[in-house]
Protein chains: 2
Amino acid sequence: MPRLTKARILSEALALLDEVGSEALTMRRLADQLDVQAGALYWHYPNKQSLVTAMAEEMLADTALHGAGEPEKWRARVVEALMALRRALLAHRDGGRVFAGTFVPEPNTLALGEVLLGALRDAGLGKKEAAWSCSSLVDFVIGFVVEEQAAQGIEPDLLTSQLDREKYPNVAAVKGPFTSQDFDARMKFGVNLLLDGIERGLESRSASSGSRTRRA
Amino acid sequence: MPRLTKARILSEALALLDEVGSEALTMRRLADQLDVQAGALYWHYPNKQSLVTAMAEEMLADTALHGAGEPEKWRARVVEALMALRRALLAHRDGGRVFAGTFVPEPNTLALGEVLLGALRDAGLGKKEAAWSCSSLVDFVIGFVVEEQAAQGIEPDLLTSQLDREKYPNVAAVKGPFTSQDFDARMKFGVNLLLDGIERGLESRSASSGSRTRRA
DNA sequence: ACCTGAACACCGTTCAAGT
DNA sequence: ACCTGAACACCGTTCAAGT
């Protein structure tokens, strides 16, 4: 029985991430936590990037997504999956940055894609529309969480301080909502924008194909 | 006349970024390019992060955004500004990652916010809706470009290889459009989703307030 | 098969001392 | 005011050698 396993390294890496942040997460420090030499890690993971990618996949482990659902509730299912994604990223320090830009075709990530695509197909989208809508939704959540976590580490009124109201009247006028810390509401707002856009495409399609429209 | 200036450091830093990527962009290597000792950089920038933040701001310098415009063309103006943002980030290796999560209340970044908010206010959005829509749009573009640049560095059919069609039927069914390299079209698709969502909010508001609706 | 020990070629940052 | 030189406390990765 080896002292080290991929799973043990992974869980310790996520714990260390929460402790010190992504910048200070190093192979040497991780090895220290595991009471081994740094080189030992390279027997299990070929390099640091492969470990980070595994961390990204592991973050999604606790999302507890259940696959199918009632077709007419597709919208709620999408919202639920995206909120689960956000929670999973927020659950770890710098989770957004660690996850961003790691295309991982592994179980947890694929399961998220499966749930989102299932709901979008149930909504009536074609293959391309479903795929591209899915990407758009996920890209938004990733961008959102990266900004959200970056904003935590900054004094809330960096923008408020001195802002040239002559040059940037619009920015100055909306600085309140712009710096709102109600990220839950802001996230829902953005997701609803995308879902409304998706629904509108659905409506205009069914309208032009002679079928019933959904709204008055 | 000092040998080093903030501007010269900045421009050399962006050039070095393009050469070696964000991972290999180090203060020592940058100092080498500038024929100075590493310590000299710290007289101009207090630390590496402040330089990276300045790089993010500098990336937006060439976007050439013109402020006002015809109110009824608000949608085209938003699209133009977002495309300019994407081009600016794509213009540098790892531009998305460098820019992501750097809230910079400086001229170029504020100018982008000003243009976007101006167009959204022209569309008829209230302060909060304009601010949050602006954030959503920018967050999406950032998330999109980070994923786009990450995808460049990966063989295009990593997903195609072996994918359990039993477990992930929806993912398997849309793998074509999912891995589409037509990022221009995918970006426009996502932006249009958000803009359609924004327009829908506008319509339902004007409808409930007794005014005219825009579409039949 | 799995890990140690030690090395290689680096890092960001500080700061006395020079000009 | 601006930069050098040198140091401090680190990095990721490799690999012979041990068990």
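Chain letters run A, B, ... following the sequence lines, proteins first and then strands; every chain starts at 1.
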Nucleotide N/O to protein N/O under 3.5 Å, stretch nucleotides 17-19 of chain C:
none

Review item, nucleotides 4-9 of chain D N/O atoms under 3.5 Å of protein N/O:
residue	atom	partner	partner atom	Å
D/dT4	OP1	B/Arg3	NH1	3.1
D/dT4	OP2	B/Gln37	N	2.9
D/dA7	N6	B/Arg28	NH2	3.4

Working for side chain to side chain donor-acceptor pair (under 3.5 Å), residues A/Arg186 and B/Ser135: CA-CA 9 Å; A/Arg186 296 178 68 167; B/Ser135 298; 2.9 Å; yes

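Remark: A/Glu19 engages no residue in a side-chain hydrogen bond (donor to acceptor under 3.5 Å, both in side chains) (not counting sequence neighbours). A search for side-chain hydrogen bond (donor to acceptor under 3.5 Å, both in side chains) contacts involving A/Thr63 returns nothing, not counting sequence neighbours. The side-chain hydrogen bond (donor to acceptor under 3.5 Å, both in side chains) check on B/His92 picks up B/Asp18, with sequence neighbours excluded. Take B/Glu106 and apply the side chain to side chain contact (heavy atoms under 4.5 Å, CB included) test, not counting sequence neighbours, and it matches B/Glu57, B/Val104. With sequence neighbours excluded, no residue forms a side-chain hydrogen bond (donor to acceptor under 3.5 Å, both in side chains) with A/Ser11.
Rounded to a whole Å, the NE2 atom of B/His44 is 16 Å from the C1' atom of C/dT13. Rounded to an integer number of Å, the gap from OH of B/Tyr45 to P of D/dC2 is 14 Å. Atom pair A/Leu51:CG and D/dG12:P shows a separation of 10 Å (rounding to whole Å applied). One atom, CG of B/Asn47, and another, P of C/dT13, lie 5 Å apart when rounded to the nearest Å. Distance B/Tyr42 OH to C/dT13 P: 4 Å, rounded to the nearest Å. The separation between A/Met27 atom CE and C/dC3 atom P is 13 Å, rounded to whole Å. When the C1' atom of D/dC3 is taken as reference, atom CD1 of B/Ile9 falls 11 Å away, rounded to whole Å. Atom C1' of nucleotide C/dT13 and atom CD of B/Gln49 are separated by 15 Å, given to the nearest angstrom.
Taking atom P on both nucleotides, C/dA9 is separated from D/dA9 by 23 Å, rounded to a whole Å. Rounded to a whole angstrom, the distance from the C1' atom of D/dC15 to that of C/dC3 is 12 Å.
Screening residues 9-65 of chain B for ring pair (Phe, Tyr, Trp, His ring centres under 6.0 Å), with sequence neighbours left out, gives no hits. Pairs passing the salt bridge (Lys or Arg N to Asp or Glu O under 4.0 Å) check and including a residue from residues 74-89 of chain A, sequence neighbours excluded, read A/Arg75-A/Asp196, A/Arg75-A/Glu199, A/Arg77-A/Asp122, A/Arg86-A/Glu148, A/Arg86-A/Asp184. Sorted by first then second residue, the ring pair (Phe, Tyr, Trp, His ring centres under 6.0 Å) pairs that include residues 15-36 of chain B, not counting sequence neighbours, number zero. The list of ring pair (Phe, Tyr, Trp, His ring centres under 6.0 Å) pairs with a residue in residues 130-152 of chain A, not counting sequence neighbours, reads A/Trp132-B/Phe189, A/Phe140-A/Phe144.
Looking at heavy atoms from C-beta onward, B/Leu82 lies in side-chain contact with B/Met187 at the 4.5 angstrom threshold.
Here the nucleotide nearest the side chain of A/Lys48, chosen from C/dC2, D/dG12, C/dC11, is D/dG12.
Base pairing in DNA chain D yields stems of at least 3 consecutive Watson-Crick or G-U pairs, both distances under 3.5 Å, namely C:4-8 with D:12-16, C:12-16 with D:4-8.
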